[in-house]
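Data first, discussion second: the structure below is written as structure tokens.
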Amino acid sequence: MLKKALMVSAALGMGLGFAQQKVEIEFWSWYLSPKFDNYLKDTIKDFEAKNPGITVKWFDKQDTMVQDLIASINLGKAPDVVNLNIPDTFSAAQNGFLTDISTLTPMSELKSQFWDNPLNNFTVNGKPYGYPWYGWLNEGVMVYNSDLVKKAGYTEKTLPKTNDQLLAFAKKVKDRTGQYGWIPNFIDAGGAPLFHGFFYADGLPIYDEKTGKAQFTSSKHVALLKKYVDMYKQGYFPEDMLRKEAFQLSMELYNQGKLASIVGGPQALTRIKDANKDLYGKTKVAEAPLGKSGRATGGGMDLVIPAASKHKKEAAQFAEFLSNNINQMKFAKIVAIVPTSKGAEKDPFFKQESNDPIIQASGMVGASGRFIDPGFNPPKNSSVLYKNLVDNLEAAFLGKKTPKQALDDAAAFWNANVNK
Amino acid sequence: MQNKTRTALIAYAFLAPALILLAVFTFYPVIYGSYLGFTEYKAANFAAGEAPRFIGLQNFINLFQDELFLKGLWNSVKYIAIVPALQIAALAIAVAVNRKLPFMSFFRAAYYIPVITSIATAAVMWDWIFQKEGTLNWVLMGLNFINEKTAFGWLNNEHTAIWALMLVTFWRGFGYYMVLYMGGLQAVPEEVEEAAYLDGATPFQTFWLVIVPMMRPTLLLCSLLSTFAAIRVLDEVVALTPGGGPLNSTYTALMYVYQKAFDGFNFDYGMASAAGLIIAVLGIGLSVVQFRLNKEDRA
């Protein structure tokens with residue numbers, strides 16, 4: 001009897017011990033420290049207070065994020081929650097590195113927390129792989145240098161509303177002021193093509209989602225590419241646009257007073273304010289021009305759970321918490337992101353009146369989370385296909401291939417390599 | 001235990017730490033990396049925890065059918081053109097600053113600064129220099145070699161981009177080789193030089209017929225090091241022409257390896273290792289040629 005009682009009490013003690021054992025999860029953000037240390041530390045503290053059984057160990061990763069993640073998986077020490085972007089989430093999910101989050105958070109819950117578009121942006125082969133954390137619109141606002149724009153003969157009312165008008169604007173600004181009017185996005189920081197965004201903006205398809213086959217060789221695609229190539233050859237766009245990342249180049253030239261406008265997210269304004277206060281004083285914002293489809297493209301960051309995570313349940317709890325409407329709105333108030341959570345669009349923060357361009361821009365795009373759509377999700381084998389597409393587009397801009405030849409060659413390569 | 005055995009054991013005990021480090025960080029990666037070159041080992045295999053699958057020479061066959069890799073390999077070979085210029089300049093500067101004259105310490109330090117400058121800083125500076133409206137074109141316009149209409153960005157032109165990058169490599173590298181050559185020059189006994197002067201040799205004859213032959217080991221070492229560095233150049237190429245330059249004119253073989261091995265979640269360790277092996281074989285082949293030439297010269 002005594003033996004039995006001892007065994008029961010020992011078992012109870014052990015059970016209590018396990019119940020009290022804290023789970024530590026590891027969270028990796030991407031390029032957010034030191035600027036957003038306070039926000040992240042406070043949010044983590046808040047989460048830990050509400051979930052006493054879980055502690056969060058936070059690391060901010062920068063250049064080597066992806067390599068570090070692969071190495072940590074190899075070492076059996078995978079982090080539990082990781083901040084990725086759309087292209088990386090796609091290639092990670094396509095290659096089996098991530099957890100289908102609908103196995104951790106029911107779809108109904110995901111759908112009630114996030115808008116369909118942002119959720120779809122991280123859905124690969126019908127399965128969601130990331131909690132949408134925050135987003136941006138590529139055609140969110142048009143940031144412009146009011147002095148240069150005035151010199152070119154434009155007023156607030158006559159600013160371009162369509163992409164065709166934007167090309168005419170770029171021409172007029174260069175002819176009248178000697179400075180560039182606008183620079184089209186050609187490549188992103190990872191070397192992936194951005195030019196396809198102009199196809200999408202005009203309602204032209206990129207590739208067949210089912211077969212993976214390229215669909216960018218029609219006469220309309222060729223004509224659109226030719227318009228941009230002609231402008232480049234006539235010197236209306238800087239040579240550097242083929243070599244440097246679009247946002248970086250635009251910021252460099254705008255801050256030197258050599259560029260009249262940037263079409264993009266409000267994040268450009270923060271950089272201008274930090275780099276050149278005088279220029280920020282002359283900077284204004286307007287609605288961004290759109291292509292024939294009237295649709296804006298955008299991108300986003302998410303929180304993924306690696307397949308190798310050892311604490312998936314707790315990781316999901318934290319990812320849900322960090323990306324909920326309250327915490328996304330807190331983030332939106334310190335930096336001009338576009339929240340991806342339902343309810344953000346009603347927040348009074350986006351309705352305030354101000355003369356400050358950042359607040360104006362945040363108001364214009366901040367409540368647009370439900371429209372965020374990259375237009376073109378990365379296909380399988382994307383790095384190989386993208387490199388070839390960029391090479392062919394570059395050959396067209398440099399006059400080594402006709403626009404038609406460049407698109408035909410890229411499509412042939414694409415079709416031969418997409419499912420490898 | 002015999003004295004001889006004990007001595008050998010003590011010697012090996014001293015060597016052991018270095019041998020263990022070499023085994024872990026050099027020999028094993030080289031052997032395993034070489035093996036991977038003959039396997040299929042892509043991101044999906046890795047994520048699924050599968051072992052590399054032996055596929056013989058398939059990766060090498062694929063590589064020699066891949067235009068991008070071949071272009072990269074050709075550019076890497078082209079990049080070797082920097083070696084003679086770098087060596088001649090480094091040797092000349094070493095001779096110039098290896099004198100007991102005022103301010104020589106300042107010049108030695110100044111020439112070495114590029115070696116320790118971070119690539120990020122160097123890239124910003126050279127980007128300004130090579131831009132269409134950059135310093136280089138400004139100087140050339142001042143000398144009436146070009147005008148506003150004929151000016152172009154040196155890194156945006158398929159014919160000049162790789163040469164512009166070689167100039168950056170030259171700038172970053174010659175201080176390092178200068179220091180090695182200074183070491184070689186200081187090892188030449190002064191009495192040998194004095195004897196040459198007494199025999200009536202001119203300074204040029206003394207340098208060419210006496211000093212240079214005595215510096216053969218340093219010359220061989222520096223040319224081998226700079227040849228390897230040229231074949232595996234990456235930093236300045238990626239920093240200044242991230243996508244491989246106009247029409248891939250600066251895309252090197254090592255960029256291909258880097259992209260296959262580390263660029264995102266679509267990596268392919270098998271192809272990266274195979275490409276790495278080809279570069280290593282090329283480097284070894286060039287070293288053999290340099291050793292041979294050095295031997296023939298001596299004979």
Side-chain angles (χ1 to χ4, degrees), chain A residues 63-67 69-71 73-74 76 84 87-98 186-193 235 238-245 248 252-253 256 258 306-308 378 380-388 390-392 394-395 397-398 400-401 413 420, chain B residues 40 42-50 62 65-69 71-72 120 123-124 127-128 130-134 148-149 151-159 161 164 238-251 255-256 258-269 271:
Chain A
D63 280 13
T64 55
M65 157 71 104
V66 173
Q67 287 81 39
L69 180 54
I70 294 164
I73 291 170
N74 199 19
L84 290 182
D88 283 322
T89 302
F90 263 73
S91 44
Q94 283 160 346
N95 286 301
F97 285 95
L98 304 182
F186 186 69
I187 46 166
D188 76 3
E239 282 179 350
D240 278 347
M241 79 170 230
L242 301 183
R243 180 170 62 97
K244 290 186 178 175
E245 188 231 337
Q248 181 209 343
E252 267 176 32
L253 293 181
Q256 292 167 27
K258 292 178 179 172
K380 222 176 149 207
N381 204 13
S382 57
S383 48
V384 172
L385 303 185
Y386 282 175
K387 171 74 183 138
N388 185 269
V390 169
D391 286 352
N392 272 297
E394 190 181 62
F397 277 93
L398 292 172
K400 295 289 168 184
K401 287 183 183 180
F413 183 88
K420 275 189 181 171
Chain B
E40 184 186 69
K42 294 183 179 180
N45 311 110
F46 177 92
E50 293 167 6
N62 293 344
Q65 288 172 347
D66 186 339
E67 278 178 31
L68 191 61
F69 175 70
K71 175 96 185 177
V124 172
D127 191 51
W128 285 341
F130 288 136
Q131 275 176 16
K132 193 175 176 181
E133 287 128 7
E148 264 184 45
K149 279 186 184 167
F152 59 87
W154 291 77
L155 294 168
N156 298 322
N157 182 303
E158 61 169 306
H159 303 294
V238 172
L240 286 158
T241 54
L247 304 168
N248 288 320
S249 55
T250 64
Y251 191 91
M255 257 177 113
Y256 186 93
Y258 179 80
Q259 285 183 348
K260 286 285 174 197
F262 302 114
D263 200 6
F265 293 99
N266 282 319
F267 58 85
D268 186 336
Y269 288 151
M271 287 286 273

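Quick caveat: nothing in here was measured; it's all calculated off a predicted structure. Chain letters run A, B, ... following the sequence lines, proteins first, then strands; residues in each count from 1.
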Answer yes or no: is there a donor N or O on one side and an acceptor on the other, between the side chain of Asn95(A) and the main chain of Phe265(B), under 3.5 Å?
->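 At least one qualifying donor-acceptor pair exists.
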
Can you check salt bridge (charged side-chain N to carboxylate O under 4.0 Å, His left out) on Asp263(B) and Lys387(A), steps first, answer last? CA-CA 12 Å; Asp263(B) 200 6; Lys387(A) 171 74 183 138; over 6 Å; no

Practice task
Can you see which heavy atom on Leu398(A) is nearest to which on Pro246(B), and at what distance?
Solution key: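 Scanning both residues, the minimum pair turns out to be CD1-CB, 3.9 Å.
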
- Task: Indicate whether any N or O donor in one side chain lies under 3.5 Å from an N or O acceptor in the other, for Asp240(A) and Asn156(B).
- Result: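 Distance-only check passes for Asp240(A) and Asn156(B).
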
- Tell me, side chain or backbone of Ala43(B) under 4.5 Å from chain A's heavy atoms, or both, or neither?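 Contact with chain A: backbone and side chain both.
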
Would you say CD of Gln256(A) has more than 12 non-hydrogen atoms from neighbouring residues, nucleotides or ligands within 6.0 angstrom?
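Count over threshold, so yes.
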
Point to revise | Largest heavy-atom contact set with chain B, pairs under 4.5 Å, which of Ile73(A), Asp88(A), Leu69(A) | key: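 Sorted descending by pairs with chain B, the first entry is Asp88(A).
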
Output the option from Asn74(A), Val384(A), Asn388(A) having the highest count of non-hydrogen pairs under 4.5 Å with chain B.
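Of the options given, most contacts go to Asn74(A).
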
| request: Would you mind checking which part of Lys401(A) comes under 4.5 Å of any heavy atom in chain B, side chain (CB onward), backbone (N, CA, C, O), both or neither? | output: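 Contact with chain B: none, neither part.
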
Given a strict heavy-atom distance threshold of 4.5 Å, which part of Leu84(A) is in contact with chain B: side chain, backbone, both, or neither?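 Answer is side chain: those atoms of Leu84(A) sit under 4.5 Å from chain B.
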
Pair Asp127(B)-Arg243(A), side-chain contact (heavy atoms from CB on, under 4.5 Å): steps then yes or no = CA-CA 11 Å; Asp127(B) 191 51; Arg243(A) 180 170 62 97; 2.9 Å; yes

Leu155(B) side, atom CG; Glu239(A) side, atom CD - distance, nearest 0.5 Å: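 Going from CG on Leu155(B) over to CD on Glu239(A), the span is 10.0 Å.
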
- Query: Which distance, rounded to the nearest 0.5 Å, do you find between the OG1 of Thr241(B) and the CG of Leu242(A)?
  - Reply: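 If I round to the nearest 0.5 Å, the distance is 13.0 Å.
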
